[in-house]
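Note sheet for the following structure.
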There are 2 protein chains.
Amino acid sequence: MSTAPKTDTREAIMSAARLTVQSEGYNALSFRDLATAVGIKSASVHHHFPTKGDLAEALVCRYSEDFSARMAPLIEQSFDEAIAGYVALFRGAFDGGNRMCLGGMMSAEVSALPEPARKRLEGFAQVHRGFLRTVLAKKHKRLSAEALDVRAMAIYTAMEGAQLVARGLGGDVKVFDNAVEVYRATGLLD
Amino acid sequence: MSTAPKTDTREAIMSAARLTVQSEGYNALSFRDLATAVGIKSASVHHHFPTKGDLAEALVCRYSEDFSARMAPLIEQSFDEAIAGYVALFRGAFDGGNRMCLGGMMSAEVSALPEPARKRLEGFAQVHRGFLRTVLAKKHKRLSAEALDVRAMAIYTAMEGAQLVARGLGGDVKVFDNAVEVYRATGLLD
DNA sequence: ACCTGAACACCGTTCAAGT
DNA sequence: ACCTGAACACCGTTCAAGT
């Protein structure tokens with residue numbers, strides 16, 4: 001297999017870092033805490049990720065891949081099911097800890113990111129736009145490619161906002177659910 | 001007058017801190033940089049704000065007041081004008097630097113905030129809910145108070161999301177404008 | 001009341017050194 | 001290749017000391 005066990009130190013660092021970024025933020029991420037979590041010393045983390053910015057880039061890249069993989073099976077489903085599944089991916093952040101989409105968190109902290117990591121953030125937005133464009137295209141056969149893209153992005157931004165605000169209010173899933181229900185009722189998710 | 005000149009050190013600290021939080025984030029805010037900006041020493045900042053958390057609380061509180069003051073004149077206008085004015089308040093963040101709503105930024109970094117500051121964040125959400133509820137009530141005479149509240153919050157979350165994502169994509173106002181246009185076209189802002 | 005220098009335990013990063 | 005201790009300039013915070 002080309003995909004080895006992959007339970008090595010580098011993977012352990014990324015795994016621990018991802019959770020911390022989602023719950024505390026990138027600026028709150030510490031190489032020393034990370035090192036302690038995986039059982040090495042702070043200086044050793046730099047062997048796998050020369051700078052914190054390099055780790056940020058790897059994290060956004062990996063998160064995009066993971067999100068993409070979880071959206072993939074939804075494409076074959078009906079429009080309503082695909083949208084519901086997409087919403088569920090964001091809603092899942094509230095299960096077990098007040099986490100947040102890593103893309104949304106990094107968007108807030110973009111000023112701390114080096115250029116390569118910012119590019120990955122654009123890639124993350126592309127992943128959402130691409131998925132939603134495909135889903136929307138099923139239902140809106142007459143919309144132009146541009147119109148589908150713009151509409152796709154609006155759904156993505158609305159989901160990030162519902163998650164951001166609900167998180168700020170103590171991880172109140174009700175706030176998230178209520179917002180999504182209005183999105184649906186008013187037609188944003190049609 | 002009860003409102004004195006107010007150009008004292010405390011105000012200077014809050015003013016500088018607000019801009020830094022909006023552009024870099026709360027976790028990136030440094031007491032030492034703040035001290036340098038206002039011409040005192042790091043330890044002196046603690047005389048005005050004992051802890052960083054106290055400063056956070058004061059910042060969210062003040063920001064809520066300012067936002068509320070800027071929304072107030074919109075209430076007397078027509079529904080469309082009020083919504084347009086509300087959207088403009090969020091759009092203004094992109095003028096001069098890639099800033100972000102302080103409430104949105106603090107929502108992402110909520111884990112770093114002490115309880116009193118989190119309460120102020122709830123107050124900030126209340127300010128938006130209260131304003132939008134009043135505006136929506138003009139148009140939707142038959143909606144219940146609860147329905148108006150939920151709808152108001154959904155508009156607030158959608159605006160925060162459009163700003164968050166646009167900021168993440170390099171402060172691209174086009175992303176923000178496009179998202180708002182879809183919000184409007186689909187009926188979320190009706 | 002308002003400010004300060006010095007100390008504390010933190011932070012990312014670098015580097016020479018180990019295996 | 002992978003790890004380490006020690007050093008650097010940073011961070012929030014505390015405190016005794018100044019005016």
Side-chain angles (χ1 to χ4, degrees), chain A residues 2 4-21 23-60 105-106 108-118, chain B residues 4-60 105-106 108-118:
Chain A
S2 60
K6 282 290 189 177
T7 43
D8 56 6
T9 308
R10 185 187 161 91
E11 289 300 313
I13 293 171
M14 287 189 66
S15 180
R18 202 202 82 205
L19 291 176
T20 300
V21 171
S23 55
E24 315 277 343
Y26 172 71
N27 281 325
L29 181 69
S30 155
F31 267 42
R32 281 176 173 81
D33 288 345
L34 225 40
T36 302
V38 306
I40 57 177
K41 296 298 174 182
S42 162
S44 305
V45 180
H46 289 274
H47 177 263
H48 301 279
F49 302 97
T51 68
K52 198 178 169 182
D54 292 320
L55 174 56
E57 183 188 352
L59 286 174
V60 181
M105 185 64 90
M106 292 289 203
E109 299 178 296
V110 68
S111 71
L113 304 181
E115 191 52 38
R118 296 184 190 195
Chain B
K6 282 288 189 178
T7 43
D8 56 4
T9 308
R10 185 187 161 92
E11 289 298 313
I13 292 171
M14 288 190 64
S15 180
R18 202 202 81 204
L19 291 176
T20 300
V21 171
Q22 287 190 255
S23 56
E24 315 278 341
Y26 173 70
N27 281 326
L29 182 68
S30 155
F31 266 42
R32 282 176 172 81
D33 289 345
L34 226 39
T36 303
V38 306
I40 57 177
K41 296 298 173 182
S42 163
S44 306
V45 179
H46 289 274
H47 177 263
H48 300 278
F49 303 98
T51 68
K52 197 178 168 180
D54 293 320
L55 174 55
E57 184 188 353
L59 287 173
V60 181
M105 185 65 88
M106 293 288 203
E109 299 179 295
V110 68
S111 71
L113 304 181
E115 192 52 38
R118 297 185 190 195

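Letters A, B, ... mirror the listed sequences (proteins, then strands); counts begin at 1.
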Step-by-step side-chain contact (heavy atoms from CB on, under 4.5 Å) determination, A:Leu55 to A:Leu59: CA-CA 6 Å; A:Leu55 174 56; A:Leu59 286 174; 4.0 Å; yes
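Here B:Thr51 does not reach the OP1 or OP2 of D:dT14: none of its side-chain N or O atoms lies under 4.0 Å away. At C:dT4, one or more side-chain N or O atoms of B:Ser44 fall inside 4.0 Å of OP1 or OP2 (strictly under the cut-off). For A:His47, no side-chain nitrogen or oxygen approaches OP1 or OP2 of D:dT4 to under 4.0 Å. Distances shorter than 4.0 Å separate none of the side-chain N or O atoms of B:His46 from OP1 or OP2 on D:dC15. Contact check, B:Ser30 against D:dC11: a side-chain N or O comes under 4.0 Å of OP1 or OP2.
For B:Arg32, the listed nucleotide lying nearest its side chain is D:dC11; candidates were D:dC3, D:dC11, D:dT4. Ranking D:dG12, D:dC3, C:dT4 by closeness to the A:His48 side chain, first place goes to D:dC3. Candidate nucleotides C:dC3, D:dC3, C:dT14 were compared by shortest atom distance to the side chain of A:Ala43, and C:dT14 ranks first.
Residues A:Tyr26 and A:Leu113 meet the side-chain proximity criterion, which asks for heavy atoms closer than 4.5 Å. For the pair B:Val110 and B:Arg118, the minimum side-chain heavy-atom distance is below 4.5 Å.
Checked against side chain to side chain contact (heavy atoms under 4.5 Å, CB included), A:Ala43 has no partners two or more places apart in sequence or in another chain.
Rounded to an integer number of Å, the gap from B:Ile13 CD1 to D:dG12 C1' is 14 Å. Rounded to an integer number of Å, the gap from B:Lys41 NZ to D:dG18 C1' is 15 Å. C:dC10 atom C1' lies 15 Å from atom CG of A:Asn27, rounded to whole Å. For A:Glu24 and C:dC11, the CD to P distance is 13 Å, given to the nearest whole Å. Remark: P of D:dG12 and CZ of B:Phe49 are 14 Å apart, rounded to the nearest angstrom. To the nearest angstrom, C1' of C:dC11 lies 15 Å from CG of A:Leu55.
Under the 3.5 Å distance criterion, with hydrogens and angles disregarded, no donor-acceptor pair is assigned to the side chains of B:Asp33 and B:Thr36.
Distance alone, capped at 3.5 Å, is enough to place a donor-acceptor pair between the A:Ser23 side chain and the A:Leu19 backbone.
As rounded to the nearest Å, D:dC3 and C:dA16 have C1' atoms that lie 13 Å from one another.
A residue-by-residue look at A:Ile40 and B:Pro50 shows that A:Ile40 has its nearest nucleotide of DNA chain D further toward the 5' end. Mapping A:Ser42 and B:Ser42 onto DNA chain D via the closest heavy atom, the residue that lands nearer the 5' end is A:Ser42.
B:Leu29 comes within contact range of the sugar-phosphate backbone alone, with a heavy-atom separation under 4.0 Å but no base atom that close. Counting any heavy atom pair closer than 4.0 Å across all strands shown, A:Asp54 reaches no nucleic acid atom.
If you take NE2 on B:His47 and CZ on B:Arg10, they are separated by 10.5 Å, rounding to the nearest 0.5 Å.
For B:Glu24 against A:Asn27, the heavy-atom pair with the smallest separation is O-ND2, 4.0 Å.
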Base-pair map of DNA chain C as dot-bracket, where | denotes pairing with a different strand and pairs are Watson-Crick or G-U under 3.5 Å: ||.|||||...|||||.||
